[in-house]
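Below is one structure; the comments refer to it alone.
Residue numbering restarts at 1 for every chain, and letters A, B, ... go by the order of the sequence lines.
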There are 2 protein chains.
Amino acid sequence: MQALVGFVTDEGLVPGDRLPTERVLAERLKVSRTTVREALTRWQELGLVERRQGSGTYLKAAVTRNMLHMPLTLASGNDFNSLMHTLEIRRGLEAEAAALSAERVSDADIAMIEQKLIRMEEAFHERHGMSADEDWDFHLAVFRASGNPLFEQIIAAMYEMFHRFWEHPLGVRDFGHASFPYHRTLFNAIAARDPVAARAEALKLIATVEDDLKRGAANLKKQTQKNRVHN
Amino acid sequence: MQALVGFVTDEGLVPGDRLPTERVLAERLKVSRTTVREALTRWQELGLVERRQGSGTYLKAAVTRNMLHMPLTLASGNDFNSLMHTLEIRRGLEAEAAALSAERVSDADIAMIEQKLIRMEEAFHERHGMSADEDWDFHLAVFRASGNPLFEQIIAAMYEMFHRFWEHPLGVRDFGHASFPYHRTLFNAIAARDPVAARAEALKLIATVEDDLKRGAANLKKQTQKNRVHN
DNA sequence: TTCTTTCAATTGGTTGGACCATTGTGCCAA
DNA sequence: TTGGCACAATGGTCCAACCAATTGAAAGAA
């Protein structure tokens, strides 16, 4: 198991590279092919490698020692409760990240965040609605300013869960619209290096998203009732 | 693979239950034991089951169809900064989880948390120091009361990071000692269903751990300087 | 030449069987 | 009652063989 990590790092393999075949790997590491397969299965489940029958095994992410594995599992991720759960995580983490960023932000960070903010605002006015990409870029810049890479990676997973299946979660067309003004107030708090205000603004921002979500759930309920009447 | 999900759900197994042995499972599902093992290995890596040699395989989380898996692997070191980063995540999440638990906790949850608390306190007085297992059990009960399984999954990874290499992190012998009293105050706040107080107590608890960590870093620095003098 | 078809080699997937290492349990003696 | 020991149950590792999908080169047709 650890031997495999050593092999990959020693060999200097980078994402995209093709690993040796299981048979070769087994011989080189002096273990049975079964054991190699168990290890590769685990890596596959962790998203580290991709296996294609008849083709080979390909590295999907950098492999190092001291990796921290965090398998996240949502029961049937497409209902209101699961989305709400991801939001609760975001609330805890985004507030903390905003406060830390306000404490640690550098001048270069401020410039970067403001640039992302302006791009987001432009996109908003062009399309008359939130743009997921620009919005995410802005938040990303905030997380990066916190100096803690874990925020970015964990919340990225939450975002992906959120946006994986729904362009318009639960049928709310202007989803995220209400959060728009709080992006600038959040930026102002961070630029002023005011952790308390930054946390407060981040919480307000998340609260608007929660409201949207609840609104969506209410709509869904109404529709269900309508359908019941029609049937 | 999917057959295993079907089996577990059909059999009505709940977390904590012991699965049939691999050999029995293989026979029932009409596949080889190797295949069962591959599937179980994947589940293990996803945190769904725990396997104990000589004992059996135990269900750790509810298994349903339509589960959404999002494995997250973070590159992380064992240095002071990495530990500090995990603590920042914990601060954000534990505070949020404590507040949510205070809002949603059921009477049964309160009883469960109190039981874990008492066990932890007993262990503390026996060993004159924090016991990692009992401490974790207590926090786990709090997270479960929040009704959001993501808290447990994420913070479990943070804990693992913390306890992976050091029984006594950074040479601090009574690590976590100072956090002891806040476990009971946290419980009291949750039992009183007071989210604001619960959040405050959780923050105090984390703050003591941070202090310990900083103290450890200072010690380490001192020792390094001593060694330099000796050499 | 160039495109399509065919087929054999390569590669991951599955199987059954054997043995090892650890754990839990029940028996037996002190 | 208690302590230790033997044994059975269980997960972990290994092997050798075969199955199934993919790939790419060789063969053949246009």
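Among the protein residues, A:Arg23 comes within range of the nucleic acid bases, having at least one heavy atom under 4.0 Å from a base atom.
In this structure, the salt bridge (charged side-chain N to carboxylate O under 4.0 Å, His left out) partners of B:Arg52, at least two apart in sequence or on a different chain, are B:Glu50. Taking the side chain to side chain donor-acceptor pair (under 3.5 Å) definition, one finds that B:Lys204 meets it with B:Glu201, sequence neighbours left out. Residues passing the salt bridge (charged side-chain N to carboxylate O under 4.0 Å, His left out) test with B:Glu27: none are found, sequence neighbours excluded. Residues passing the side chain to side chain contact (heavy atoms under 4.5 Å, CB included) test with B:Val24 are B:Pro20, B:Thr21, B:Arg28, sequence neighbours excluded. With sequence neighbours excluded, the residues forming a side chain to side chain donor-acceptor pair (under 3.5 Å) with A:Arg144 are A:Glu152, listed by chain and number. Legend: residues meeting side chain to side chain contact (heavy atoms under 4.5 Å, CB included) with B:Ser179, ordered by chain and number and at least two apart, are B:Met130, B:His183, B:Leu205, B:Thr208, B:Val209. With sequence neighbours excluded, no residue satisfies ring-ring contact (aromatic ring centres under 6.0 Å, His included) with B:Tyr182. Take A:Arg33 and apply the side chain to side chain donor-acceptor pair (under 3.5 Å) test, not counting sequence neighbours, and it matches A:Glu22. Residues passing the salt bridge (charged side-chain N to carboxylate O under 4.0 Å, His left out) test with B:Asp107, sequence neighbours excluded: B:Arg193.
Remark on DNA chain D: of its neighbouring residues A:Ser32 and B:Arg18, the 5'-side contact belongs to B:Arg18, judged by nearest-heavy-atom nucleotide. Between A:Pro20 and B:Ser55, the residue whose closest nucleotide on DNA chain C is further toward the 5' end is A:Pro20.
Scanning DNA chain D 5' to 3' for nucleotides with an atom closer than 4.0 angstrom to a non-hydrogen atom of chain B gives a first and last hit of D:dT10 to D:dT13. Chain A approaches DNA chain C over the interval C:dT10 to C:dT14, counting the first and last nucleotide 5' to 3' with an atom under 4.0 Å from its heavy atoms.
Terminal axes of the helix from C:dT1-D:dA30 to C:dA30-D:dT1 (five pairs each, C1' rotation axis) are separated by 0°, to the nearest 10°.
Although no hydrogens or angles enter the test, the distance criterion places a donor-acceptor pair under 3.5 Å between the side chain of A:Arg18 and the main chain of A:Ser55.
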